[in-house]
Amino acid sequence: MNQNRIGKFIANQRKTKNLTQEQLAEKLGITKNAVSKWERGICLMDMSLLKPLSEILDVSINEILAGEKIKKEDILSKSEENIINLTELIELRTMKYGIIGMCLFFIILVLISMFKEISPVSLISLICAYNSITFLSRYKINKEKSDLVSGLLFLLATILNTINFIIF
């Protein structure tokens, strides 16, 4: 899902309707700063705003998510593509909360290790595990080989550090 393309599409459709960002925001019951952020590609709107936004701009939800006008013969393929993109977006948000949880857990472990005698090897294993999960999750979404290689290397480091911790 290309936030920049979606933002430009919203801006163009808003201007076609002779609406200011403030007027559009007022119709949606949000701030003009939110509309500005969408149009600059900084973030996407809350999904609950898609239907009213599509009605105000007189475009389909599918077109908003695609960031372009869709020809009738392309509607089915674009719909499927948009559903896949939304699913990936939801997975990314879920992953973000998991990463935040892992960071908090790691900070707690570091604080505990400051007061107790805990081997730094176990902390290194945690850092490697965290990085492994992060890169492999990014690979799942972006399909970039560098993310896969990094994730696998960090996974290998996690395994080796864990073995080192158990043996020594």
Side-chain angles (χ1 to χ4, degrees), residues 1-108 110-111 126-155:
M1 197 162 288
N2 188 323
Q3 289 180 192
N4 288 325
R5 185 173 45 195
I6 292 170
K8 287 177 184 173
F9 181 73
I10 291 171
N12 288 336
Q13 296 305 308
R14 174 183 58 77
K15 291 171 186 172
T16 300
K17 293 287 185 182
N18 293 317
L19 292 170
T20 65
Q21 286 182 342
E22 194 167 352
Q23 290 169 327
L24 178 59
E26 188 177 308
K27 288 178 182 264
L28 292 169
I30 58 173
T31 66
K32 70 176 182 177
N33 289 339
V35 174
S36 174
K37 285 181 181 179
W38 304 343
E39 291 183 358
R40 290 182 289 144
I42 293 173
C43 65
L44 290 174
M45 74 290 304
D46 184 272
M47 294 300 127
S48 65
L49 295 173
L50 279 172
K51 188 172 185 334
L53 180 62
S54 72
E55 291 169 353
I56 293 166
L57 298 179
D58 202 25
V59 295
S60 71
I61 293 172
N62 204 13
E63 288 173 321
I64 292 173
L65 295 175
E68 63 186 4
K69 287 282 193 176
I70 301 172
K71 297 176 188 170
K72 286 187 180 192
E73 60 269 12
D74 296 334
I75 287 176
L76 186 60
S77 65
K78 281 290 183 184
S79 295
E80 201 148 317
E81 182 181 323
N82 286 331
I83 289 170
I84 290 168
N85 288 336
L86 277 175
T87 304
E88 289 175 351
L89 182 65
I90 291 167
E91 285 177 7
L92 276 175
R93 286 186 178 164
T94 303
M95 184 180 76
K96 180 177 89 175
Y97 294 123
I99 290 171
I100 290 169
M102 284 186 75
C103 287
L104 290 174
F105 179 70
F106 179 72
I107 290 168
I108 291 168
V110 168
L111 291 173
L126 275 173
I127 293 169
C128 290
Y130 166 78
N131 285 323
S132 175
I133 291 168
T134 302
F135 281 109
L136 291 175
S137 297
R138 280 191 359 208
Y139 170 73
K140 184 178 176 185
I141 304 295
N142 299 330
K143 304 292 187 226
E144 290 187 27
K145 289 182 182 179
S146 62
D147 288 334
L148 177 63
V149 170
S150 299
L152 292 175
L153 288 174
F154 276 115
L155 181 62

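One-based numbering along the sequence shown.
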Item to complete: Under the side chain to side chain contact (heavy atoms under 4.5 Å, CB included) rule, what do Leu53 and Leu24 come out as? Steps first, then yes or no, please.
Response: CA-CA 8 Å; Leu53 180 62; Leu24 178 59; 3.9 Å; yes
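- Of all heavy-atom pairs spanning Leu148 and Tyr139, the tightest one is CB-CD1, 3.5 Å.
- The salt bridge (charged side-chain N to carboxylate O under 4.0 Å, His left out) search around Lys51 returns Glu55, not counting sequence neighbours.
- Between Gln13 and Lys69 there is a side-chain heavy-atom pair separated by less than 4.5 Å.
- Applying the side chain to side chain contact (heavy atoms under 4.5 Å, CB included) test to Ser132 and every residue at least two apart in sequence or in another chain returns Leu136, Phe154, Leu155.
- Ser54 approaches Ser60 most closely through the heavy-atom pair CB-C, 4.0 Å.
- Every residue two or more places apart in sequence or in another chain that forms a side chain to side chain donor-acceptor pair (under 3.5 Å) with Ser36 is listed here: Arg40.
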Item to complete: Please step through side chain to side chain contact (heavy atoms under 4.5 Å, CB included) for the pair Val35 and Trp38, ending with a clear verdict.
Response: CA-CA 5 Å; Val35 174; Trp38 304 343; 4.2 Å; yes
Item to complete: Using the side chain to side chain contact (heavy atoms under 4.5 Å, CB included) rule, take Ile30 and Met45 through it: C-alpha gap first, then chi angles, then the decisive distance, then the call.
Response: CA-CA 10 Å; Ile30 58 173; Met45 74 290 304; over 6 Å; no
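- Of all the heavy atoms in Leu28 and Pro52, the pair that sits closest is CD2-CB, 3.8 Å.
- The 12-atom threshold is not exceeded at NZ of Lys27, counting heavy atoms of other residues, nucleotides or ligands nearer than 6.0 Å.
- Listed by chain and residue number, Ala66, Lys78 satisfy the side chain to side chain contact (heavy atoms under 4.5 Å, CB included) test with Glu68 (two or more places apart in sequence, or in another chain).
- Residue pairs meeting the salt bridge (Lys or Arg N to Asp or Glu O under 4.0 Å) criterion with at least one member in residues 11-26, sequence neighbours excluded: Arg14-Glu39, Lys17-Asp58.
- Listed here is the closest heavy atom pair of Ile6 and Leu65: CD1-O, 3.5 Å.
- Here Asp46 pairs with Ser48, Leu49 under the side chain to side chain contact (heavy atoms under 4.5 Å, CB included) rule; sequence neighbours left out.
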